Each structure stands twice: as structure tokens, then as C-alpha cells.
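All values reported here derive from a predicted model rather than from experimental measurement.
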Amino acid sequence: MNKYTVRNAVKEDIPAIENIFAAARKFMFSCGNPQWQNGFPDHKFIAEGVCSSSFRVLMCDCEIAAVYSVFDSDEEYDRSDCEWLTGKNAEYLAAHTLAVAEKFRGEGLGRMCIERAAEEARSRGKSSVRMDTHEKNIPMQKLLASCGFVYCGRLKPIRGEFLCFEKIIG
């Protein structure tokens with residue numbers, strides 16, 4: 001059985017993270033999901049996230065198996081009309097840009113990243129984890145539902161319609 005660890009991403013991880021996102025874009029496109037097809041997350045976004053300690057990498061031995069990012073809040077969430085389970089002014093952790101390396105797909109690592117984000121939220125004294133995904137990203141919607149997230153409403157950012165989810169952590 002493989003042993004997985006999570007750590008903050010470092011500058012040297014950027015090429016591997018970019019490769020994971022490129023493969024994720026291809027996978028999403030093949031599923032009819034337009035999310036990330038404009039090149040997001042791009043090098044600048046990734047580099048800024050790594051420098052600000054927002055990106056996490058899930059390691060399998062010495063290989064990056066998955067990546068995600070966490071933030072103390074999200075302005076779009078705060079401005080949205082979503083009916084958040086914890087209310088508008090709650091302390092939450094926003095988790096974003098979750099992708100699993102092609103080699104590791106189907107091993108439950110997306111779930112593991114979400115669980116680690118929830119553990120981090122709990123350790124920081126947050127009441128919940130909030131995430132969103134494109135309305136056509138069915139695999140992520142199913143994953144979020146299976147992890148106990150509840151649909152809370154829609155965002156309508158420039159790049160398409162996104163569904164918002166929240167999970168209260170205890």
C-alpha cells in the first residue's frame with residue numbers, strides 16, 4: 001500500500017503541477033467540461049500560489065500525485081447569493097484547483113485531498129470547507145457529494161456557471 005503525505009508546494013514543484021493541470025484540462029475536455037480550457041491555472045497563477053503557500057501537493061513517495069490550493073476566503077463566495085450552510089460571515093477554508101496526476105487517477109486521491117483540506121480547516125479553527133466546480137464537471141460534483149458536501153447555489157463568474165458546495169466540519 002502506498003503512503004501519501006501532503007506538504008506545501010515549493011518552486012521546484014511548478015513544472016510537475018503545470019503538467020498535472022495540462023492533463024486535467026485534456027481529461028475535462030474529453031468529458032465535455034469547458035472548465036480550464038482557456039489555460040487556467042496558468043504559470044503565473046501557480047507561481048503566485050506557490051509563493052503565497054496556497055498550493056498543497058499530495059506526495060506518493062517522491063512523486064506529486066495530486067495538487068490543490070487553499071485560501072482563508074474567496075471574494076466570489078463572499079459576494080455570492082449562495083445559501084451557505086454556515087452563513088455569509090462564517091470562517092471557512094476555500095479549496096480550489098484540485099487535480100490528480102493521470103497516473104494516479106481512480107485511486108481515491110481527490111477524496112484524500114478534500115479530507116486533508118478539511119483537516120487543515122479544522123486545525124485553523126474554520127467552521128467549513130467551501131468549493132465550487134463548473135456545472136459540467138460531473139466527476140467533481142459526484143466526488144463532492146460523496147464527501148458530504150451540500151450544494152449551496154451558483155456563481156456566475158466571467159468564465160461560466162459554477163456550482164458552489166460546502167461541508168461543515170466538526
Give every donor-acceptor pair under 3.5 Å between a side-chain atom in residues 139-155 and any protein atom, sequence neighbours left out.
from: Gln141; atom 1: NE2; to: His134; atom 2: O; distance (Å): 3.2
from: Gln141; atom 1: NE2; to: Glu135; atom 2: O; distance (Å): 2.8
from: Ser146; atom 1: OG; to: Arg111; atom 2: NH2; distance (Å): 2.6
from: Ser146; atom 1: OG; to: Lys142; atom 2: O; distance (Å): 3.4
from: Ser146; atom 1: OG; to: Leu143; atom 2: O; distance (Å): 2.8
from: Arg154; atom 1: NH1; to: Glu135; atom 2: OE1; distance (Å): 2.8
from: Arg154; atom 1: NH1; to: Glu161; atom 2: OE1; distance (Å): 2.6

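When all heavy atoms of Thr133 and Phe165 are compared, the pair lying nearest together is CG2-CE1, 4.1 Å. Here the closest heavy-atom approach between residue Ala9 and residue Val50 is recorded as O-CG1, 3.6 Å. Of all heavy-atom pairs between Ser128 and Ala121, the closest is O-CB, 4.1 Å. Here the closest non-hydrogen pair linking Lys136 and Gly32 is CD-O, 3.6 Å. Across every non-hydrogen atom of Asp78 and Tyr92, the tightest pair is OD1-OH, 2.7 Å. The shortest non-hydrogen separation linking Leu98 to Cys113 is CD1-CB, 3.5 Å.
Asp72 has its side chain within reach of Lys126: a pair of non-hydrogen atoms, C-beta onward, lies under 4.5 Å apart. Side-chain contact between Asn33 and Phe29: absent, with no pair of heavy atoms (C-beta onward) separated by less than 4.5 Å.
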Verdict with reasoning, Lys3 to Met59, per side chain to side chain contact (heavy atoms under 4.5 Å, CB included): CA-CA 8 Å; Lys3 179 178 168 138; Met59 303 295 297; over 6 Å; no
side-chain hydrogen bond (donor to acceptor under 3.5 Å, both in side chains) assessment of Arg130 paired with Thr86: CA-CA 10 Å; Arg130 295 179 182 176; Thr86 55; 3.1 Å; yes
Run the numbers on Ile64 and Ile20 for side chain to side chain contact (heavy atoms under 4.5 Å, CB included), then give the verdict. CA-CA 9 Å; Ile64 298 174; Ile20 290 170; 3.6 Å; yes
Given Arg25 and Phe40, is the side chain to side chain contact (heavy atoms under 4.5 Å, CB included) satisfied, shown in steps? CA-CA 9 Å; Arg25 273 191 285 283; Phe40 178 85; 5.7 Å; no
Given side chain to side chain contact (heavy atoms under 4.5 Å, CB included), test Val57 with Val6 step by step and report yes or no. CA-CA 6 Å; Val57 289; Val6 172; over 6 Å; no
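Between the side chains of Glu91 and Ser127, not a single donor N or O lies within less than 3.5 Å of an accepting N or O. Judged purely by distance below 3.5 Å, without hydrogens or angles, the side chains of Ser69 and Ser54 never pair a donor atom with an acceptor atom. With no hydrogens or angles considered, no side-chain donor-acceptor pair links Tyr4 and Asp61 at under 3.5 Å.
We find the CD-NZ distance between Glu83 and Lys88 to be 9.5 Å, quoted to the nearest 0.5 Å. Atom CG of Leu93 is separated from atom NZ of Lys167 by 13.0 Å, given to the nearest 0.5 angstrom. Summarising the geometry, atom CD belonging to Gln35 is positioned 5.0 Å from atom CG belonging to Asn137; distances are rounded to the nearest 0.5 Å. With values rounded to the nearest 0.5 angstrom, Ile168 atom CD1 is found 4.5 Å from Leu85 atom CG.
Ring pair His96/Tyr77 is tilted by interplanar angle, where 30° to 60° counts as tilted.
When the side chains of ILVMFWY residues are joined at heavy-atom separations under 4.5 Å, either directly or via intervening members, Val67 and Phe27 end up in two distinct hydrophobic clusters. If you chain together hydrophobic residues whose side chains sit under 4.5 Å apart, Ile14 and Trp36 fall into the same group. One hydrophobic cluster, built from ILVMFWY side chains closer than 4.5 Å, cannot hold both Ile138 and Met131; they sit in different ones. The same ILVMFWY cluster, assembled from side-chain heavy atoms under 4.5 Å apart, contains both Met28 and Ile46. Residues Phe55 and Tyr68 fall into different hydrophobic clusters, defined by Ile, Leu, Val, Met, Phe, Trp and Tyr side chains chained together at heavy-atom separations under 4.5 Å.
Ion pair Asp13/Arg56 not flagged as a salt bridge, since none of the NZ, NE, NH1 or NH2 atoms sits closer than 4.0 Å to an Asp/Glu carboxylate oxygen. A salt bridge does not link Glu120 with Arg116: every distance from a Lys NZ or Arg NE/NH1/NH2 to an Asp or Glu carboxylate oxygen is 4.0 Å or more.
Not a single side-chain contact (heavy atoms from CB on, under 4.5 Å) links Pro15 to another residue, sequence neighbours left out.
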